[in-house]
Amino acid sequence: MNPSEHITLARYLSEKPLPDALRGVLESIAGACVSIAILIGKGGLAGVLGEAGRENVQGEAQKKLDVLSNDIMLAANAWGGRVAAMASEEMDWPRPVAPRGDYLLLFDPLDGSSNIDVNVSVGTIFSVLPAPRDADWSSDAAAEKAFLQPGTRQVAAGYAIYGPSTLLALTVGDGVAIFTLDRETDTFVLTRDRVRIPEETREFAINLSNQRHWDAPVRRYVAELLQGETGPRAKDFNMRWVASMVADVHRILTRGGIFLYPVDARNREKGGRLRLMYEANPMAMLIEQAGGAATTGYECILEVMPQRLHQRVSVILGARCEVDAAIACHG
Ligand code: AFP
C-alpha cells in the first residue's frame, strides 16, 4: 500500500460524523494502546513480566503488566475534559476525571494477561458510554450508578490485539474497521473496513475442560459440534481456544466461528467468568456491527441491564447462524 494512500486512524475519524470530543477520546485510547504495545514488546527486557503481588477486585492475581497497562490507559484519558470518569477491570470503583465530560470510558487494560508470560497474544478492550448529565460523583456507589447502562448505549467500542502485528478493531456504530500499527511511525493505518463475519463456519471456541460443569443446553450444543458429519450438523468442526478473548474474537471477525464462555456450575454464584461492562458489551457491539450475534443464551448481551459495575455474564457470540443454533439449544 502506497504510504500516500494510507488512511490513518485520525483521518478515518475525521471523515466520520462524530463529536470532536469522541474523536479525541478514541485517539487518546489508540495512543495508550501504542504505549502498551511498546511496553509489552520489551517483555522480560523491561522487567515487567510476572505477578504484581496483589489481587484485583475480581480476586485475580494481578500481573505487573495489568497494573502498568491500567496506569497508561488512565494517564492517556485523564486530560482534555472529554471523559467524565473511567472504570477498569483492575479498579474497584470508577475514577472520576472531569465532571462535565461527555463520556464514560470502561476498559480491560490487558485481557488474557495469564498468557503474557508465555508470549501469547493479549489485548486491551474498551467501551465508551455517554456520561449522564446529572451524574453524581460524590461517592463510589454514586459514581458506579452512572456506568450502569446497557450495551445498546455504547457510542464506540473496540480492542487492540498485541500479536505478531498490533491491530486496533473499532466501531463507532456504522460497521467495524481494523487498523494495523505502523511501528515506523507509531500510527494506526486502516487495513480493513466494513468487516463482515463469514456466515458459514467450522470453528468453535470454548474451554472444553469445563464440560462437566456446563448446563444442559451448552452440553447439547457442543455435543452436536463434536459429532461432526456423523451427527445432526452433518459436518466436521475444528476447535480453537486461545484463552485471550481478544484473540478468539479477532479470529472470528477474520474467518468466522463462534465463541462461548457460558455460566457453569463453578462460576454460577459470580454470574459467569467474563465481565459484562468492559469485555462482553464492547465485543458484542463489534460482533453485531460485523453482522454477527451476541447472546447470554437467553437474551441479547447488549440488552442486559447491568446491576453492578463488575458483574459477569454468560457469553455466546460469533456468526449469526451459529449463535442461532446455540440459542435453539437453550429453548
Ligand atoms: P485473564 O485476563 O485472567 O488471562 O483472563 C482472560 C479471560 O478473561 C478471557 O480473555 C478468556 O477468554 C478467558 O478469561 C479464559 O478463561 P480460562 O482461562 O478459564 O479458559
Side-chain angles (χ1 to χ4, degrees), residues 33 36 39-40 43 48-70 72-73 87-91 106-127 157-163 167 169 203-215 218 222 239-253 257-284 286-287 294-296 301 309-318:
C33 293
I36 294 170
L39 186 63
I40 286 173
V48 295
L49 298 181
E51 306 287 334
R54 62 190 200 216
E55 287 187 349
N56 63 17
V57 64
Q58 327 285 342
E60 297 161 347
Q62 284 183 313
K63 301 282 189 183
K64 289 177 189 169
L65 279 171
D66 282 322
V67 177
L68 293 168
S69 302
N70 195 64
I72 290 171
M73 285 291 282
S88 161
E89 175 183 327
E90 303 305 334
M91 303 189 308
L106 304 94
F107 50 86
D108 177 356
L110 200 63
D111 173 68
S113 56
S114 59
N115 281 318
I116 198 76
D117 294 353
V118 294
N119 205 39
V120 168
S121 297
V122 294
T124 299
I125 308 171
F126 59 90
S127 168
Y159 60 78
I161 179 169
Y162 312 112
L167 306 177
E203 271 186 336
F204 69 98
I206 193 167
N207 184 337
L208 210 55
S209 70
N210 299 324
Q211 188 169 34
R212 68 187 186 283
H213 304 299
W214 297 336
D215 291 341
V218 173
V222 175
M239 196 189 96
R240 286 283 183 276
W241 187 250
V242 184
S244 281
M245 186 184 194
V246 171
D248 284 314
V249 169
H250 188 71
R251 186 188 57 254
I252 288 169
L253 281 176
I258 187 169
F259 170 96
L260 304 93
Y261 209 120
V263 167
D264 63 33
R266 298 168 311 152
N267 59 40
R268 195 182 312 284
E269 282 183 19
K270 290 182 178 178
R273 158 85 189 204
L274 301 178
R275 276 62 57 151
L276 172 63
M277 299 300 292
Y278 39 80
E279 289 176 328
N281 272 343
M283 291 311 202
L286 286 165
I287 289 290
T295 178
T296 64
I301 283 176
L309 179 62
H310 296 292
Q311 83 181 52
R312 299 164 186 253
V313 71
S314 202
V315 178
I316 301 171
L317 57 77

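One-based numbering, in listed order, for ligands and for the atoms of each.
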**Student:** Consider side chain to side chain donor-acceptor pair (under 3.5 Å). Of S88, S113, S114, which one does D66 pass it with?
**Tutor:** S113
**Student:** Run the numbers for me: atoms of ligand 1, each under 4.0 Å from some heavy atom of M245, listed by number.
**Tutor:** 9 (C), 10 (O), 11 (C), 12 (O)
**Student:** Starting from atom 3 (O) of ligand 1, find the nearest protein heavy-atom neighbour and note its residue, name and distance.
**Tutor:** R273 NH2, 3.4 Å
**Student:** Working to the nearest 0.5 Å, report the span between CD1 of I316 and CD1 of I287.
**Tutor:** 13.0 Å
**Student:** Taking only heavy atoms of R275, which atoms of ligand 1 are found under 4.0 Å from at least one of them?
**Tutor:** 8 (O)
**Student:** Decide yes or no for V67 and R54: does some side-chain heavy atom of the first lie under 4.5 Å from some side-chain heavy atom of the second?
**Tutor:** yes
**Student:** Please state which protein non-hydrogen atom is closest to atom 16 (O) of ligand 1 and give its distance, to 0.1 Å?
**Tutor:** Y261 CE1, 3.3 Å
**Student:** Counting both backbone and side chain atoms, is some N or O of E89 under 3.5 Å from an N or O of ligand 1?
**Tutor:** no
**Student:** Suppose I only count heavy atoms of G112 and a 4.0 Å limit; which atoms of ligand 1 are within that range?
**Tutor:** 1 (P), 2 (O), 4 (O), 6 (C)
**Student:** Under 4.0 Å from a heavy atom of L274: give me the atoms of ligand 1 that qualify, with their elements.
**Tutor:** 8 (O), 9 (C)
**Student:** Taking distance alone, with N or O pairs closer than 3.5 Å, would you say N210 contacts ligand 1?
**Tutor:** no
**Student:** If you count the atoms of ligand 1 from 1 in the order shown, which ones are under 4.0 Å from a heavy atom of S244?
**Tutor:** 10 (O)
**Student:** Check whether N115 reaches the backbone of A243 with its side chain - one donor and one acceptor, N or O, closer than 3.5 Å.
**Tutor:** yes
**Student:** For the residue pair I301 and T296, establish whether any side-chain heavy-atom pair is separated by less than 4.5 Å.
**Tutor:** yes
**Student:** Could you go step by step and tell me if H213 and N267 meet the side-chain contact (heavy atoms from CB on, under 4.5 Å) rule?
**Tutor:** CA-CA 9 Å; H213 304 299; N267 59 40; over 6 Å; no
**Student:** What is the closest protein heavy atom to atom 4 (O) of ligand 1, and at what distance does it sit?
**Tutor:** S114 OG, 2.7 Å
**Student:** Just distances here: any N/O of N207 and N/O of ligand 1 closer than 3.5 Å?
**Tutor:** yes
**Student:** Does atom CG of D117 have more than 12 heavy-atom neighbours, drawn from other residues, nucleotides or ligands, at distances under 6.0 Å?
**Tutor:** yes
**Student:** Assess the pair W241 and F259: is the distance between their ring centroids shorter than 6.0 Å?
**Tutor:** yes
**Student:** Judged by non-hydrogen atoms, does E279 sit under 4.0 Å from ligand 1?
**Tutor:** yes
